[in-house]
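Taking it in order: structure first as structure tokens, then the write-up.
Note that this is a predicted model, so its numbers are computed, not measured.
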Amino acid sequence: MKRPLYIGITTSYADGRISMSDNYLLAFLAQGAVPVLLQRDASSERIAFYRDAFDGFLFAGGVDVNPAYYGEQVQFDSVEIDDSRDAFELVLFRAVYPTKKPILGICRGIQLINVALGGSLYQHLDHHHQSKFEGNTLVCPQKVRVLPETPLAALWQSETAMVNTYHHQAIKRVAAPLCVNAVAEDGCIEAVSDTTHPYLLAVQWHPEIAQATCPEHAAIFRSFLSACEKKRAEM
């Protein structure tokens with residue numbers, strides 16, 4: 001049997017325990033990949049192991065990136081920081097980015113990637129509406145405009161899409177290597193890719209929530225894993 005793809009996933013911690021939605025795991029398991037939750041260890045030995053062991057990396061959702069990393073002080077009480085997570089993920093990103101292994105960012109992940117590459121964030125968005133569930137029905141979804149001639153446009157073959165929204169921060173200054181792929185109706189940047197990288201896609205919404213019922217969101221995970229398979233074949 002062919003060896004499955006192994007995907008390293010960054011995590012949140014609460015009370016000394018890993019704390020994150022299992023939707024991330026289910027999204028990869030649905031595509032036949034093996035998701036692995038990464039211990040928060042920024043030692044050179046552990047980072048080198050992660051860099052070499054995994055076929056691709058997901059920088060997942062969670063609390064806010066410390067504004068100090070883009071030259072600002074905290075400006076709002078709503079900003080929630082986990083310094084150990086920031087330190088770990090920035091070291092991890094800077095180790096795996098040069099390998100050209102595929103990288104996927106979700107929610108906090110798009111923000112972390114943008115900051116790691118030299119961009120900045122809006123620390124708080126007052127009027128950005130949030131999705132919620134009533135039973136199994138998502139309410140308050142958000143329409144995004146997919147920009148032409150971008151990887152997301154090629155993937156979705158659509159000019160617009162409905163996505164969920166669970167964030168209060170977003171990209172402000174786009175890092176130089178990144179290309180905007182989608183924007184919300186209020187102008188908020190919702191997706192970026194990297195013009196210098198074989199596969200780096202990051203989105204502000206949570207496709208792992210929608211992938212079981214929405215083919216376009218499942219396609220994000222399929223495209224990421226296809227890039228992982230291609231990269232493995234080259235190595």
Side-chain angles (χ1 to χ4, degrees), residues 9-21 24 38-44 46-47 50 57-98 103-132 142 144 163-197 200-206:
I9 303 177
T10 62
T11 65
S12 298
Y13 277 74
D15 300 323
R17 298 175 181 271
I18 288 176
S19 172
M20 67 182 304
S21 168
Y24 294 107
L38 301 183
Q39 180 195 22
R40 196 178 293 178
D41 182 347
S43 67
S44 57
R46 185 57 59 88
I47 292 293
Y50 290 158
F57 297 86
L58 166 63
F59 288 81
V63 298
D64 306 318
V65 179
N66 193 327
Y69 287 109
Y70 48 92
E72 297 182 10
Q73 296 181 336
V74 173
Q75 299 172 4
F76 299 91
D77 291 340
S78 59
V79 176
E80 185 179 358
I81 294 168
D82 182 340
D83 284 320
S84 68
R85 182 170 185 179
D86 288 342
F88 168 68
E89 292 189 5
L90 288 167
V91 171
L92 178 67
F93 180 82
R94 288 164 181 158
V96 302
Y97 181 76
I103 295 172
L104 179 63
I106 291 176
C107 198
R108 168 191 161 89
I110 189 175
Q111 298 163 13
L112 183 284
I113 289 167
N114 184 61
V115 170
L117 292 172
S120 67
L121 305 176
Y122 290 106
Q123 290 191 33
H124 184 78
L125 300 172
D126 269 327
H127 306 296
H128 195 78
H129 66 269
Q130 303 293 303
S131 297
K132 60 182 179 178
Q142 178 173 243
V144 298
V163 303
N164 54 50
T165 175
Y166 295 100
H167 64 102
H168 78 109
Q169 295 195 336
I171 290 177
K172 184 177 183 179
R173 185 180 70 252
V174 182
L178 299 180
C179 170
V180 177
N181 280 221
V183 295
E185 291 178 301
D186 63 2
C188 176
I189 294 173
E190 291 285 330
V192 295
S193 60
D194 189 326
T195 57
T196 68
H197 198 281
L200 187 157
L201 178 66
V203 299
Q204 188 58 73
W205 65 89
H206 284 268

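Side-chain contact between Leu90 and Val65 is absent, with no heavy-atom pair separated by less than 4.5 Å. Within the 4.5 Å cutoff, side-chain heavy atoms of Ile81 are placed close to those of Pro67. Looking at Ile18 and Tyr13, their side chains come closer than 4.5 Å, going by heavy atoms from C-beta outward. Under the 4.5 Å side-chain criterion, counting only non-hydrogen atoms from C-beta, Gln142 is not in contact with Cys188. Tyr50 is not listed as a side-chain neighbour of Val96, based on a closest heavy-atom distance of 4.5 Å or more.
Using the six-membered ring where Trp is involved, Tyr166 and His206 have ring planes that are perpendicular, over 60° apart on the 30 and 60° scheme. Using a 30° and 60° split on the angle between ring planes, His168 and His124 fall in the tilted class, from 30° to 60°.
For the atom pair CD1 of Ile110 and CD of Gln169, the computed distance is 12.5 Å after rounding to the nearest 0.5 Å. Put simply, OG1 on Thr165 and CG on Asp186 are 8.5 Å apart, with the number rounded to the nearest 0.5 Å. Interatomic distance, CG of Leu58 versus CD1 of Ile9, reported as 5.0 Å (0.5 Å rounding). Rounded to the nearest 0.5 angstrom, Tyr24 OH and Ile106 CD1 are separated by 5.5 Å. A distance of 8.0 Å separates CD of Gln111 from OH of Tyr70, quoted to the nearest 0.5 Å. Distance check, rounded to the nearest 0.5 Å: CD1 of Ile189 to CG of Leu178 gives 9.0 Å.
Contact detail for Ala95 and Ile47: the closest heavy-atom pair is CB-CG2, 3.4 Å. Asp41 and Phe88 make their closest contact through O-CE1, 3.4 Å (heavy atoms, listed as atom of the first residue, atom of the second, distance). Residues Ser84 and Arg40 approach most closely at OG-NH1, 2.8 Å, considering heavy atoms. Of all the heavy atoms in Asn114 and Ala175, the pair that sits closest is OD1-N, 2.8 Å. Listed here is the closest heavy atom pair of Phe93 and Pro98: O-CD, 4.4 Å. Contact between Gln123 and Gln73 at its shortest, heavy atoms only, is NE2-O, 2.9 Å.
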Walk me through whether Arg108 and Asp82 qualify under salt bridge (charged side-chain N to carboxylate O under 4.0 Å, His left out). CA-CA 12 Å; Arg108 168 191 161 89; Asp82 182 340; over 6 Å; no

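Crowding of Glu80 atom CD: a count of heavy atoms from other residues, nucleotides or ligands under 6.0 Å not exceeding 12.
Residue Glu89 is tested with Thr11, Ile113, Val115, Leu112 for a side chain to side chain contact (heavy atoms under 4.5 Å, CB included); the sole match is Leu112.
Side-chain atoms of Asn66 come within 3.5 Å of backbone atoms of Ala68 as a donor-acceptor pair (strictly under, hydrogens ignored). A donor-acceptor pair is defined here as one N or O able to donate and one able to accept, closer than 3.5 Å; no such pair exists between the side chain of Ser193 and the backbone of Leu201. Between the side chain of Ser120 and the main chain of Arg173, a donor-acceptor pair closer than 3.5 Å is present.
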